[in-house]
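FYI, side chains are in, hydrogens and waters are out, and symmetry mates aren't considered; it's all heavy atoms of this structure. Each chain gets a letter, A, B and so on, in the order its sequence line appears, and its residues count up from 1.
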Amino acid sequence: MSDPEKNATIGSEAGGPGLDFIREAVAEDLRSGRFAYVRTRLPPEPNGWMHIGHAKAFSIDYYVAKDFGGTCNLRFDDTNPAKEDMSYVEAIKRDTFWLGLDCRDRVLFASDYYERMYELAVKLIKKGVAYVDDLSAEQMSEYRGTAVADKNNVTHTPPGRDSPYRNRSVEENLDLFERMRAGEFADGAKTLRAKIDMAHPNLVMRDPPMYRIKREPHYRTGNAWCIYPMYDFQEAMSDAIEGVTHSLCSLEYEIHRPLYDWFIREAEVFPSRQIEFSRLNISHTVLSKRWLLRLVQDGVVSGWDDPRMPTIAGLRRRGYTPEAIRDFLGRIGIAKTDSLVDIQLLEHCLREDLNRRADRVMAVLRPLKLIIENWPAGKVDELEAVNNPEDPSAGARKVPFSGELWIERDDFAEVPPPKYFRLFPGNSVRLRYGYIVTCTGFDKDPATGEVVAVRCTYDPETRGGNAPDNRKVKGTIHWVSAAHAVPMEARLFDHLFVAERPMDVPDGVDWVTTVNPGSLEVLSGYAEPCLASAEPGRSFQFERLGYFCCDPDTRPGAPVFNRSVSLRDTWAKIEKKQA
RNA sequence: UCCCCGGUUGUGUAAUGGUAGCACGGCAGACUCUGGAUCUGCUUGUGGGGGUUCAAAUCCUCCCUGGGGAACCA
């Protein structure tokens with residue numbers, strides 16, 4: 001790595017109006033000389049799957065460093081062996097890099113600093129600002145005090161009480177801490193605590209624990225340690241060890257900042273600066289490891305990578321691109337207000353990205369037979385279709401056309417509603433890239449009354465969809481030649497929750513039960529021949545229907561597609577208004 | 001007021017004492033071989049009251065209101 005100081009830039013665009021408050025603070029720190037360079041870190045705990053909320057936090061860290069010519073570490077905060085695992089490390093790395101946050105050369109682990117942190121803890125003991133306590137967890141909690149509501153519902157925080165072990169001598173504390181490490185005491189029997197102020201109005205500052213005894217094999221250090229640092233001490237020390245200038249985190253840690261600063265001051269280490277921002281909330285979904293875990297465990301979704309999940313793995317499987325996600329994260333901004341971002345913005349970003357890049361194809365999701373009565377028996381026409389009108393370099397392809405086609409059930413109406421300009425008896429539509437046809441009638445199942453086939457005649461002069469007589473045909477519908485169609489499965493998704501804020505449920509209602517029952521719909525349809533060989537992960541636009549991504553469940557000859565997002569559907573709006 | 005942090009159109013964000021702007025959504029129209037895309041227009045906002053000032057979203061003050069805060073989790 002080159003000298004970071006040489007790379008520090010305030011940047012022409014960095015420093016003026018329009019900067020978010022974090023970049024503003026960073027620019028000021030560079031200007032004032034508080035820091036000579038910028039270094040941030042992504043601090044995941046490897047205990048679960050990464051979701052788009054993490055992606056927001058990560059990209060703030062990553063791009064703040066990048067914008068100021070600094071560096072960004074990917075540091076795993078792995079100090080709770082009970083929950084952590086190497087598989088999560090790999091999953092988080094994969095998702096982070098996939099998003100384009102490339103910290104490949106700077107992957108670090110807090111667990112590599114255990115020895116150094118231990119030494120720093122000893123330093124605090126020697127300074128007389130840390131002590132070994134024998135209180136149990138329950139006792140400690142009771143001694144620290146708690147916020148209580150009085151009869152007027154005003155909460156108060158009475159001062160806490162000193163532990164009887166608070167005034168042990170430095171020598172005794174040193175000895176005890178060493179023996180904690182050596183494994184002489186049972187789990188939970190002792191803790192190392194910072195000696196701050198048991199009457200502090202901020203509960204976090206009332207002699208918080210720094211180390212606990214926990215005999216649990218660690219996924220990286222095995223049984224080398226039986227004591228593990230707690231978050232506040234670990235975070236401050238890890239940041240210092242790495243020379244992190246700006247330790248960016250979400251608002252929930254705001255109240256921990258005084259403690260973060262206290263540890264830095266007392267340990268006399270590199271003075272990282274913690275800055276907090278609000279975490280991401282998105283409407284109609286939940287963004288919390290614990291809640292997402294619940295959805296997986298209860299079988300509400302098929303797994304962490306279910307396409308309805310807001311996890312990175314889920315979004316990827318759904319068909320989200322890194323570009324779309326990054327665009328979204330850029331648009332929502334950075335602030336300290338509690339916000340709820342409309343999921344429509346995320347969907348908009350995907351549409352915009354895929355519109356530029358996805359090849360168009362034709363597929364029918366709810367098939368209805370269309371019979372062209374005057375089509376020469378056995379004739380097959382090869383018609384040329386444009387792959388992507390937004391991208392001429394995508395070229396064109398041939399699509400087979402014959403006398404029996406599949407069309408969308410929605411594209412025929414026995415009795416047309418107002419402003420309907422698709423197929424109905426007597427009306428003409430254009431078959432996309434094909435011919436203009438006129439509806440002559442339809443067949444009904446005598447028993448059920450269901451329309452089973454639509455009949456029409458075609459105009460041979462209109463090959464390719466052009467009308468030589470310049471007549472106006474309002475509707476253009478998509479189709480698939482029945483004889484050439486590839487059967488396929490389409491999975492349609494709706495919001496995971498109907499409610500904007502799924503967690504806001506009345507007392508006594510379990511939020512999990514409010515999952516949108518219509519969030520998954522599986523259809524059997526037909527696609528044009530080129531989709532027979534679609535590769536998992538590839539995205540297409542099914543004309544007039546939406547963007548679809550080929551799912552890993554795809555088997556040879558049996559493609560499966562996930563609808564990533566629908567197209568904007570003006571007709572659906574009109575229909576809704578009419579209803 | 002136990003402590004901390006917030007409150008700008010429906011949503012998210014900008015304006016750093018000097019024209020309240022942008023994006024998404026919504027609505028209307030143009031165009032179109034996707035009722036797609038694209039383009040144009042429109043609408044609506046500084047939580048409230050006082051104060052300082054020529055001038056306040058911005059500074060002061062009181063009130064209202066939302067979030068966070070006791071873990072041997074991070």
Determine whether a donor-acceptor pair (one donor, one acceptor, N or O, separation below 3.5 Å) exists between the side chain of [X] and the base of [N].
X: A:Arg568; N: B:G35; value: no
X: A:Glu390; N: B:G36; value: yes
X: A:Arg331; N: B:U13; value: no
X: A:Gln541; N: B:U34; value: yes

### Task
Quick one: closest heavy-atom pair of A:Met117 and A:Gln234, and the distance?
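Scanning both residues completely, I find the closest heavy atoms to be SD-CA, 3.7 Å.
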
### Query
Any idea which heavy atoms bring A:Tyr211 and A:Ile227 closest together, and the distance?
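Heavy atoms only, the tightest pair is CD2-CD1, 3.9 Å.
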
Does [N] pair with anything, Watson-Crick or G-U wobble, both distances under 3.5 Å, and if so, with which nucleotide?
N: B:U44; value: none
N: B:G66; value: B:C5
N: B:G21; value: B:U13

### Task
Examine distances only and state if a side-chain atom of A:His218 and a backbone atom of A:Thr79 form a donor-acceptor pair shorter than 3.5 Å.
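Answer holds: no.
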
### Centroid under 5.5 Å and tilt under 30°, A:Tyr231 to B:A74
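By the stated criterion, A:Tyr231 and B:A74 do not stack.
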
### Message
B:A70, OP1 or OP2 - any side-chain N/O from A:Arg206 closer than 4.0 Å?
### Response
no

### Query
Can a side chain N or O of A:Arg544 be found less than 4.0 Å away from OP1 or OP2 on B:G35?
yes

### Residue A:Lys83, side-chain atoms from C-beta onward, closest of B:G69, B:C73, B:G36
B:C73

### Message
Just the rounded figure in Å: distance from P of B:G69 to CZ of A:Arg279.
### Response
10 Å

#### Entry: Separation of atom NE2 in A:His256 from atom C1' in B:C5, rounded to whole Å
13 Å

### Message
At 4.0 Å (heavy atoms only), tell me whether A:Leu345 reaches a base, stays on the sugar-phosphate, or touches nothing.
### Response
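Touches sugar-phosphate only.
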
### Message
Once rounded to the nearest 0.5 Å, what's the spacing between atom CZ of A:Phe542 and atom OG of A:Ser566?
### Response
13.5 Å

### Task
Quote, to the nearest angstrom, the C1' distance that separates B:G10 from B:C2.
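Here B:G10 and B:C2 have their C1' atoms 36 Å from each other.
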
